[in-house]
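I have placed the structure first, in the form of structure tokens, so that the comments after it can refer back to it.
Both backbone and side-chain heavy atoms feed into the values below; hydrogens, waters and symmetry mates do not.
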Amino acid sequence: MPVNIDEFVNEYVDSLRCGEAGLFVGAGLSLASGMPSWKKLLQNPAESIGMNVDKEEDLVTLAQYYVNESHDARTKINTELKSQFGCLSKTNDNQKIIAQLPIDTIWTTNYDNLLEKAFEDNDKICDVKRSKDDFTSSPKNSSVTFYKMHGDISNVNEAVITRRQYEEYDRNFELYVTALKSDLVRKTFLFIGYSFQDPNLKYILSQLRLLLGNNPREHYFLIKKPEKYSGESTENFEYRVNKQRLQIEDLEQYCIKAVEVDNYEQITTVLEEIKSKVKQNHVFLSSAQVADQGISQENLKKLLTTLSYKLIQNNNVIVNGYGWHAGNAIVKGALMAIMEDPSKSIDEYLKISPFPQPDKGMSRESMGKEWTKIRQEMLDNSGIAIFISGNKNDQGKTILSSGMLEEFQIAQQKNVIPIPIGYTGGASQEIFSKINEGYESYYGNNNALIEGAKKLSKTGLKNKETIDTVLSMICNIQK
């Protein structure tokens with residue numbers, strides 16, 4: 001029986017947050033980028049041996065027929081692989097969303113490198129296992145490992161495509177088989193764009209089922225509900241519905257649960273929801289102050305240190321640009337919480353993106369574009385943004401922090417939920433005033449968030465009450 005989408009999203013997000021999520025990618029993920037179907041790929045090789053791909057279902061055997069007829073040469077197949085896959089360069093929306101998830105293990109039967117490109121576009125270092133030789137080394141500081149279990153477009157001669165290669169896979173690709181078994185035991189996988197026709201994977205799953213008995217790891221796969229084609233008979237439609245039901249029930253034997261979507265576009269919506277929920281424990285802290293306004297500089301530092309400490313203590317990740325007069329206090333509190341808990345690490349709970357300063361003779365304004373890019377990247381990986389104080393010096397005058405106001409604007413564009421501590425003055429007070437004009441645009445009908453924001457605008461609030469209110473709002477958002 002298919003799993004409810006909300007239930008799946010919550011389960012998978014939990015796995016992502018604790019580093020126990022994996023992804024298995026099939027051809028369907030790259031179709032929107034123009035990836036050819038197997039029938040299109042094998043059309044010319046098939047015609048060269050007098051076969052018609054439209055009349056064949058077993059395309060793996062068809063590829064083997066071509067190799068047999070060509071005396072073990074696969075010239076036309078390799079030519080098609082190079083020409084049809086080599087021109088793929090544009091990543092699609094689903095690939096871009098996946099690349100923003102905190103996922104470190106990806107298995108794929110695809111030959112293309114579009115998903116790797118999407119991760120690299122997000123400044124993530126990829127460790128790509130294209131062949132067994134790649135298992136002996138890894139790039140430094142890699143954040144995600146790709147297992148190209150059927151090869152890669154960079155070496156078409158080794159791409160797994162014929163029946164004989166499938167038959168000999170367990171022997172020739174033993175490292176992949178062993179690694180995949182381990183990952184399927186340790187991680188919760190989402191299968192996306194995958195049809196489960198690969199005999200190698202079925203064999204691996206059956207082995208795990210026999211080994212683990214009634215205690216396997218749960219996995220999920222996305223599948224579109226059957227839709228009646230124009231002109232299709234009721235009999236044929238009901239046959240397809242029954243066939244999909246049987247496939248779903250069969251995969252449940254391996255503890256792979258179906259998540260049905262109404263259409264392929266809904267897959268993007270589901271991935272966006274996963275991304276949004278994962279980001280909700282990434283809290284962007286924005287603060288800047290050169291002069292006392294609603295809060296003294298000394299009290300601001302105490303507030304930032306304690307707030308940072310409490311945020312990480314409650315398993316939130318802090319995202320910060322290490323701004324002047326605020327960065328030290330934020331890092332201090334974060335490090336205190338991390339050092340107290342052996343299960344937490346700096347890399348995992350503290351995401352710092354320092355703003356580069358202008359060279360001698362250059363104005364701060366000259367760094368505007370670079371600073372904007374950093375702000376966009378930080379907020380793209382955040383679900384909540386807390387704004388505290390926010391003033392700066394301009395030719396001897398204290399004015400609102402334009403950087404903080406820009407961060408608020410970016411937060412709006414990226415649907416990051418703002419929490420301004422308005423009583424601290426400066427830009428945070430200005431941000432509260434904007435929110436106060438229409439709470440529903442930021443908090444919907446969530447009265448707890450509305451009342452929390454109002455409370456944080458009142459003068460005379462003590463640090464403890466401030467922090468308790470902020471944490472309560474965050475818990476409300478994350479529930």
Side-chain angles (χ1 to χ4, degrees), residues 1-26 28-30 92-110 115 118-119 122 124 143-147 180-196 201 205 208 212 215-225 247-248 251-282 315-317 348-349 380-384 415 417 475 477-479:
M1 183 176 178
V3 176
N4 176 274
I5 288 178
D6 290 338
E7 180 185 343
F8 154 67
V9 168
N10 289 332
E11 291 291 333
Y12 196 66
V13 165
D14 286 344
S15 297
L16 282 166
R17 284 179 175 170
C18 60
E20 295 181 355
L23 194 69
F24 199 108
V25 175
L29 188 68
S30 295
N92 60 56
D93 290 341
N94 290 342
Q95 290 166 337
K96 291 174 182 177
I97 297 168
I98 288 170
Q100 295 175 54
L101 298 177
I103 193 163
D104 61 7
T105 302
I106 297 177
W107 285 81
T108 180
T109 54
N110 294 353
L115 190 54
F119 273 81
N122 273 270
K124 295 181 180 180
S143 55
V144 58
T145 301
F146 281 83
Y147 295 91
L180 180 54
K181 286 180 182 178
S182 175
D183 283 341
L184 286 168
V185 172
R186 296 184 305 110
K187 294 180 178 290
T188 296
F189 270 79
L190 168 61
F191 293 82
I192 184 169
Y194 190 69
S195 63
F196 290 97
L201 181 63
L205 290 171
L208 288 177
L212 299 175
N215 298 299
R217 185 99 182 195
E218 286 190 347
H219 307 292
Y220 302 91
F221 73 103
L222 295 172
I223 187 169
K224 187 177 85 68
K225 294 176 183 177
Q247 181 192 23
I248 290 172
L251 288 169
E252 285 179 355
Q253 306 303 308
Y254 306 101
C255 220
I256 302 176
K257 298 183 177 182
V259 181
E260 285 190 324
V261 295
D262 295 325
N263 49 60
Y264 291 119
E265 290 74 21
Q266 194 178 4
I267 292 177
T268 304
T269 303
V270 171
L271 291 174
E272 282 283 11
E273 188 175 352
I274 290 172
K275 173 187 167 184
S276 176
K277 280 187 173 290
V278 167
K279 292 199 309 177
Q280 282 178 358
N281 79 326
H282 282 59
N315 294 316
N316 292 290
V317 177
E348 186 179 3
Y349 282 88
D380 198 42
N381 290 293
S382 303
I384 298 169
N415 297 316
I417 300 175
C475 286
I477 293 166
Q478 294 173 344
K479 69 180 181 181

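Judged by distance alone, the side chain of Glu11 and the main-chain N or O of Phe8 form no donor-acceptor pair under 3.5 Å. Checked by atom type and distance alone, the side chain of Lys257 never pairs as donor or acceptor with a backbone atom of Glu218 at under 3.5 Å. A distance-only check finds a donor-acceptor pair linking the side chain of Thr108 to the backbone of Val25 [under 3.5 Å]. Side-chain atoms of Gln280 do not come within 3.5 Å of backbone N or O of Gly383 as any donor-acceptor pair. Lys279 places a side-chain N or O within 3.5 Å of a backbone atom of Asp380 that can act as its donor or acceptor partner.
Residues Pro216 and Leu208 have side chains not in contact (no heavy-atom distance under 4.5 Å, counting atoms from C-beta outward). Thr109 has its side chain out of reach of Leu201: every pair of non-hydrogen atoms, C-beta onward, lies at least 4.5 Å apart. Residues Leu222 and Tyr194 have side chains not in contact (no heavy-atom distance under 4.5 Å, counting atoms from C-beta outward). Within the 4.5 Å cutoff, the side chain of Leu101 has no heavy atoms near those of the Leu23 side chain. In this structure, Arg217 and Thr188 have side chains that are in contact, with non-hydrogen atoms separated by less than 4.5 Å. Looking at Leu180 and Phe24, their side chains come closer than 4.5 Å, going by heavy atoms from C-beta outward. Taking the side chain as every heavy atom from C-beta outward, Gln253 and Leu205 never approach each other to under 4.5 Å. Side-chain contact between Glu260 and Ile248: present, with at least one pair of heavy atoms (C-beta onward) separated by less than 4.5 Å.
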Check the pair Asp104, Lys187 against salt bridge (charged side-chain N to carboxylate O under 4.0 Å, His left out), reporting the backbone distance first and the verdict last.
-> CA-CA 10 Å; Asp104 61 7; Lys187 294 180 178 290; 3.2 Å; yes

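The shortest non-hydrogen separation linking Leu190 to Phe221 is CD1-CA, 4.4 Å. The two residues Asn122 and Ala99 have their closest heavy-atom pair at ND2-CB, 3.7 Å. When every heavy atom of Asn92 is checked against every heavy atom of Ser30, the shortest pair comes out as ND2-CA, 4.1 Å. Nearest heavy-atom pair across Ala258 and Ile223 is CB-CG2, 4.2 Å. Between Asn281 and Gln478, the closest heavy-atom pair is CA-NE2, 3.3 Å. Minimum interatomic distance between Phe189 and Asp183 (heavy atoms only, all atoms of both residues): CE1-O, 3.4 Å.
Of the inter-residue distances, the one linking Trp107 atom CH2 with Leu184 atom CG reads 8.0 Å to the nearest 0.5 angstrom.
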All N/O donor-acceptor pairs, side-chain side in residues 265-272, below 3.5 Å, sequence neighbours left out:
unit_1, atom_1, unit_2, atom_2, d
Gln266, OE1, Asp262, N, 2.6
Thr268, OG1, Asn94, OD1, 2.6

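Classification of the Phe191-Phe196 ring pair by plane angle, with boundaries at 30° and 60°, yields tilted.
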